[in-house]
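The next block holds one structure in the form of structure tokens; read it before the comments.
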Amino acid sequence: MMRTAFAMVYAAMIILLTVFVVIAHRTNKRNIVSNAVAWLDAALIPPILGNLLVLLSSSPTLSAVGFYFYFLGMDVVMLALTNFTVKYCDGGGKGQKVPKAAYVALGADVLQMMLNPIFHHAFTLEEILVEGRPYYRFIAHWGQTVHRVVDYSILVAIMAIFLMMSIKMPKVYREKYAIILLSMVVECVWQSFYIFSRTPIDRSMIGFGVFGILIFYFAIFYRPMRLLDNMLANMASDMPEALLFFDPNQRCIWANDPGKNLLNIQEGSFDHVPQKLREMFGDLELDRENWVRHKVIGSGENAKHYILDKHSISSDKNANSGSFLSIRDNTSDQLLIEREKYNATHDTLTGLYNREMLFRSIQKELKENKDTTYYIIFIDVKNFKIVNDIFSNSFGDFTLKHIAEWIRADMSSRCVYGRMGGDKFGVLMPKSEFDPDRVERTLSNYVVTDGNIEHSLFIHLGVYEVTEADTDVSVMFDRAHLALTTIKDEYKAHVAYYDDELREKAKWNQHISTQLQHAITRNQMVPYLQPIVDDSGKVVGAEALARWNHPDRGFLSPASFIPYFEKNGLIVEVDKHMWRSACEILSRWQQIDKEMFISVNISPKDFYFMDVKAEIHNLVEEFGIEPKRLRIEITETVMMNDIDERIKILNELRNEGFIVEMDDFGSGYSSLNMLKDIPVDVLKIDMKFLGSSQDSDKAQTILRNIISLSDDLGISSLTEGVETKDQYRMLSDMNCKMFQGYYFAKPMPVDQFETYVHKQAQ
Ligand code: C2E
Ligand code: CA
Ligand code: CA
């Protein structure tokens with residue numbers, strides 16, 4: 001009865017192990033351990049089979065065969081177990097091998113067991129009756145002891161390895177080894193129980209079978225799952241993000257520490273999570289899955305930015321098994337992004353928008369508020385360069401910040417404003433908000449002081465009323481700036497508007513720019529000559545002044561085109577033409593009068609766009625003129641930039657024999673002081689700049705001193721704008737050597753001039 005029962009259990013185990021071997025073999029590809037498990041479970045089959053034979057047989061031969069299966073099989077089991085241990089404990093798949101000693105010991109044991117039929121040194125059989133049938137059990141001899149020592153030594157060594165691993169490894173892995181160790185301990189206890197119980201029938205195989213089952217389960221299924229669980233749980237706890245897990249009913253079932261801290265909840269009180277989330281972030285659609293939200297809590301500098309990410313977790317069959325919400329504090333990233341954005345769009349000195357951002361914002365504002373009438377305002381500081389030069393760059397910076405503050409303080413939320421660069425600011429303001437009286441009042445006395453320095457500024461505003469919102473913003477500012485230039489030199493008016501007149505003028509400027517080249521080739525651009533006389537009244541030379549004989553508009557005075565061409569650089573074309581014309585005239589005069597000179601004007605822009613010296617030099621060569629007969633008029637503004645380079649050019653010209661004249665002396669900021677550095681031969685003093693000078697003693701004193709001082713410096717003086725006999729007399733008394741003005745003659749065409757000189761000589 002008992003024999004059949006055991007036999008059935010053994011048979012069942014053999015079938016089960018066979019199934020496991022197949023399964024383990026199939027998972028082989030995924031897991032190197034499963035291959036070792038397949039071998040181990042396969043190795044367990046022969047001993048159990050051997051025991052089954054012993055159990056069922058009533059013949060000594062068959063029983064002996066059963067025992068050989070059993071004992072030799074146990075050696076194979078030990079080999080398979082060693083292999084399993086090596087593979088299982090081989091961290092990182094380094095490809096560890098079974099130690100040679102195990103092969104040697106097990107091989108030797110197999111050999112001595114196989115010699116048992118000859119020497120009978122390991123075991124002999126003894127017949128007993130069990131349940132009325134003969135049963136052969138074995139009597140152990142020394143060979144069997146050797147066999148047991150070998151097998152148990154290996155088993156003990158393996159258990160020692162697992163024990164070591166379960167102590168040595170990090171906590172999450174510990175269980176992986178401990179569970180195998182436990183399986184072995186269970187097997188050993190069972191085995192010992194059998195050895196000491198001394199029941200006739202060997203039931204130790206049940207222990208082996210169970211061991212095989214446990215190993216199969218723990219090694220292939222149980223272990224990776226638990227390990228993964230542990231690792232994921234640890235990872236989730238260690239994440240800096242707050243993580244909250246929800247079941248399919250949206251009840252929170254777990255939160256990591258950052259999650260608990262963020263929501264201020266305790267372990268076990270996860271039920272409050274949805275409510276806490278709502279309190280913190282407002283409505284969150286917690287019952288929906290798979291969304292990402294950016295939430296800002298608080299405002300200003302204390303604002304915190306969070307990225308909320310809700311994800312569903314679906315199991316194999318696509319069924320919803322819950323969801324998780326991750327909440328990441330994104331504040332520092334956000335601050336960084338905002339700072340970069342700020343730096344890219346703001347002026348560092350004043351904190352106002354930079355030009356690019358200003359233009360972009362204006363464009364946007366105009367597009368969005370089509371019904372509002374806007375002003376584009378260009379703000380410029382007169383002679384700001386002087387603030388930097390006279391005081392310091394730091395006071396210059398202070399001044400700019402001061403202006404920025406004034407602009408900022410006057411703006412409503414509907415205005416857009418910024419710094420366009422340098423001392424230029426730009427504003428977009430609804431027309432209704434612009435109060436010109438207030439602006440005039442403020443600007444009529446705009447004083448900047450940092451405690452030490454006090455400086456009055458002249459700030460001008462050019463205003464353009466936006467008529468077409470889709471005009472380029474830079475064009476609108478150009479128009480506002482154009483308006484500004486009309487009052488640039490005024491000290492009373494501070495605001496100028498772009499009006500129809502300016503509009504017409506701008507159109508006109510465009511128009512004449514396109515016509516200039518044509519005008520030059522068609523000889524519409526001609527020199528007029530204004531006589532220059534000496535103190536005896538004799539004409540000694542002339543100044544060449546440009547006139548445009550325009551086919552539609554008649555004669556144009558330089559005032560209507562020169563300033564604009566000076567701005568856009570076309571003046572270069574005019575001047576080159578005028579110089580050439582002057583040289584032509586001089587070469588024609590060669591026969592008549594070898595002394596008469598012509599003065600030509602040189603604009604500051606000429607120095608930018610051409611090699612002035614080479615140009616002039618080539619002209620006199622070409623026409624064979626003595627250089628001293630072509631006089632060169634420069635203004636102080638020529639010397640405003642690249643002064644050293646300009647001085648060099650002037651000196652070279654003078655060395656060649658050209659006479660250099662300083663035109664419009666006294667109109668700018670330069671003083672007599674600069675004369676000691678700038679190489680000029682003649683000082684041209686404009687009577688205009690002295691106002692009604694003949695009545696004023698002061699003006700006369702200044703004039704007298706300028707003339708005598710320039711005399712001392714070896715510079716001769718020429719007064720222009722002489723309109724009356726009194727002026728002429730007075731200037732002669734002051735020892736001025738040359739004169740030019742309406743009193744003598746207005747500028748006139750060349751042929752007229754020639755007749756004029758001819759008459760004078762008679
Ligand atoms: P500027 O060089 O100071 O020329 C003298 C200007 O004063 C001339 O005006 C002349 O007609 C005017 N003028 C002469 N005598 C009197 C007087 O007694 N009373 C008054 N009220 N004015 C007098 P214009 O010809 O209209 O030239 C104006 C300015 O245009 C010139 O001032 C010069 O700066 C510029 N300009 C004229 N032709 C040329 C040129 O070919 N090249 C360049 N670069 N500039 C030129
Ligand atoms: Ca001149
Ligand atoms: Ca002049």
Side-chain angles (χ1 to χ4, degrees), residues 489 512 516 519-520 523-533 539 541-549 555-585 597-610 612 615-616 619 630-638 659-668 670 680 682-694 717-728 730-731 736 738-750 752-753 756:
D489 296 323
I512 55 169
L516 176 63
I520 290 172
N523 268 326
Q524 291 172 15
M525 187 71 71
V526 293
Y528 265 39
L529 296 178
Q530 185 175 31
I532 294 169
V533 302
V539 181
E543 178 177 2
L545 294 156
R547 295 291 181 271
W548 188 337
N549 188 3
F555 269 88
L556 301 179
S557 82
S560 62
F561 59 90
I562 296 276
Y564 184 66
F565 288 162
E566 271 184 330
K567 223 185 283 168
N568 70 9
L570 282 177
I571 188 69
V572 176
E573 300 308 318
V574 179
D575 281 351
K576 273 201 289 196
H577 175 67
M578 289 297 288
W579 303 344
R580 171 169 283 274
S581 305
C583 288
E584 276 169 5
I585 299 164
F597 65 83
I598 296 181
S599 295
V600 291
N601 292 285
I602 298 189
S603 137
K605 280 277 164 73
D606 292 334
F607 289 91
Y608 285 109
F609 294 111
M610 66 176 146
V612 171
E615 189 75 31
I616 291 176
L619 276 174
L630 185 71
R631 294 194 173 193
I632 290 157
E633 294 192 7
I634 55 153
T635 54
E636 292 157 334
T637 41
V638 165
I659 289 172
V660 177
E661 302 184 336
M662 173 61 74
D663 199 0
D664 299 345
F665 183 79
S667 67
S670 46
V680 294
V682 177
L683 208 57
K684 245 185 134 166
I685 308 155
D686 197 328
M687 294 298 285
K688 263 203 301 273
F689 303 125
L690 295 163
S692 45
S693 62
Q694 67 269 42
S717 37
L718 187 162
T719 31
E720 60 176 330
V722 181
E723 291 182 342
T724 62
K725 195 175 182 179
D726 287 348
Q727 283 179 343
Y728 177 42
M730 178 189 78
L731 292 162
C736 183
M738 279 180 289
F739 311 87
Q740 178 185 349
Y742 291 170
Y743 173 64
F744 309 101
K746 288 195 169 182
M748 58 190 98
V750 181
Q752 261 182 46
F753 178 84
Y756 175 83

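The structure displayed is predicted, hence computed values, not measured ones. Whatever order the structure lists them in is the order used to number ligands and atoms, beginning at 1.
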Report the residue from Gln530, Gln740, Glu543, Glu661 that forms a side-chain hydrogen bond (donor to acceptor under 3.5 Å, both in side chains) with Ser599. Glu661

For ligand 1, does Leu545 get within less than 4.0 Å through its side chain, its backbone, both, or neither, judged by non-hydrogen atoms? both

Nearest neighbour in protein (non-hydrogen) for atom 30 (O) of ligand 1: Pro558 CB, 3.5 Å

The Ca ion (ligand 3) to Asp686: any N/O/S contact under 3.0 Å? no

Return yes when Gly721 approaches ligand 1 closer than 4.0 angstrom through a heavy atom, no otherwise. yes

How are the rings of Phe739 and Phe744 set relative to one another: parallel (under 30°), tilted (30 to 60°) or perpendicular (over 60°)? tilted

Heavy atoms, side chains only, cut-off 4.5 Å: are Asp663 and Ile602 in contact? no

Once you restrict to heavy atoms under 4.0 Å, what part of Gln530 touches ligand 1? Side chain, backbone, both or neither. side chain

Any N/O/S atom, side chain or main chain, of Asn601 closer to the Ca ion (ligand 2) than 3.0 Å? yes

To the nearest 0.5 Å, tell me how far Phe665 CZ sits from Leu683 CG. 5.0 Å

Quick look: Glu720 vs ligand 1, heavy-atom contacts under 4.0 Å, and the answer is side chain

Can you find an N or O of Asp663 that's nearer than 3.5 Å to an N or O of ligand 1? yes

N/O/S atom of Glu720 inside 3.0 Å of the Ca ion (ligand 3), strictly under: yes

Of all the heavy atoms in Gln740, does at least one lie under 4.0 Å from an atom in ligand 1? no

My understanding is that only one of Trp548, Phe555, Phe753 makes a ring pair (Phe, Tyr, Trp, His ring centres under 6.0 Å) with Tyr528; could you say which? Phe555

Name the closest protein heavy atom to atom 19 (N) of ligand 1, giving the residue it belongs to and the distance to 0.1 Å. Glu723 OE2, 2.5 Å

Return the closest protein heavy atom for atom 42 (N) of ligand 1 as residue, atom name and distance. Asp575 OD1, 2.6 Å

Does Tyr564 have Lys567 sitting over its ring (NZ/CZ under 6.0 Å from centre, angle to axis within 45°)? no

Do you know the tightest heavy-atom contact between Glu573 and Ile520? O-CD1, 3.7 Å

Euclidean distance, Leu529 CG relative to Gln752 CD, rounded to 0.5 Å: 10.5 Å

Counting only non-hydrogen atoms of the protein, does one fall under 4.0 Å from atom 6 (C) of ligand 1? no

Quick look: Glu543 vs ligand 1, heavy-atom contacts under 4.0 Å, and the answer is side chain

For the Ca ion (ligand 3), which N, O or S atom of Asp664 is at the shortest distance? OD1

Restricting to N, O or S, what is the name of the atom of Asp663 that lies nearest the Ca ion (ligand 3)? OD1

Starting from atom 34 (O) of ligand 1, find the nearest protein heavy-atom neighbour and note its residue, name and distance. Asn601 OD1, 4.7 Å

Between CD1 of Ile571 and CZ of Phe561, what distance do you get to the nearest 0.5 Å? 7.5 Å

contact_flag Arg547 ligand 1 heavy-atom lt 4.0 Å: yes

Show the nearest heavy-atom pair for residues Gly569 and Phe609, with the distance to one decimal. CA-CE1, 4.0 Å

Tell me which protein heavy atom sits closest to atom 3 (O) of ligand 1, plus the residue, atom name and distance to 0.1 Å. Asp664 OD1, 3.2 Å

Quiz question for you: does at least one protein heavy atom lie closer than 4.0 Å to atom 32 (O) of ligand 1? no

I'd like to know if Pro747 contacts ligand 1, where contact means a heavy-atom distance under 4.0 Å to any ligand atom. yes

for atom 41 (O) of ligand 1, nearest protein heavy atom and its distance come out as Met578 CG, 3.3 Å

Residues Leu630 and Cys583: closest non-hydrogen pair is CD2-SG, 4.1 Å

Is the distance from the Ca ion (ligand 3) to the nearest N/O/S atom of Glu633 under 3.0 Å? no

Student check: side-chain heavy atoms of Val638 and Glu633 closer than 4.5 Å: no

Can you report which non-hydrogen protein atom sits closest to atom 13 (N) of ligand 1, along with the distance? Tyr742 CE2, 3.7 Å

Quick one: look up the protein heavy atom nearest atom 38 (N) of ligand 1 and list residue, atom name and how far away it is. Ala546 N, 3.0 Å

Please determine if the Ca ion (ligand 2) has an N/O/S atom from Glu543 lying under 3.0 Å away. yes

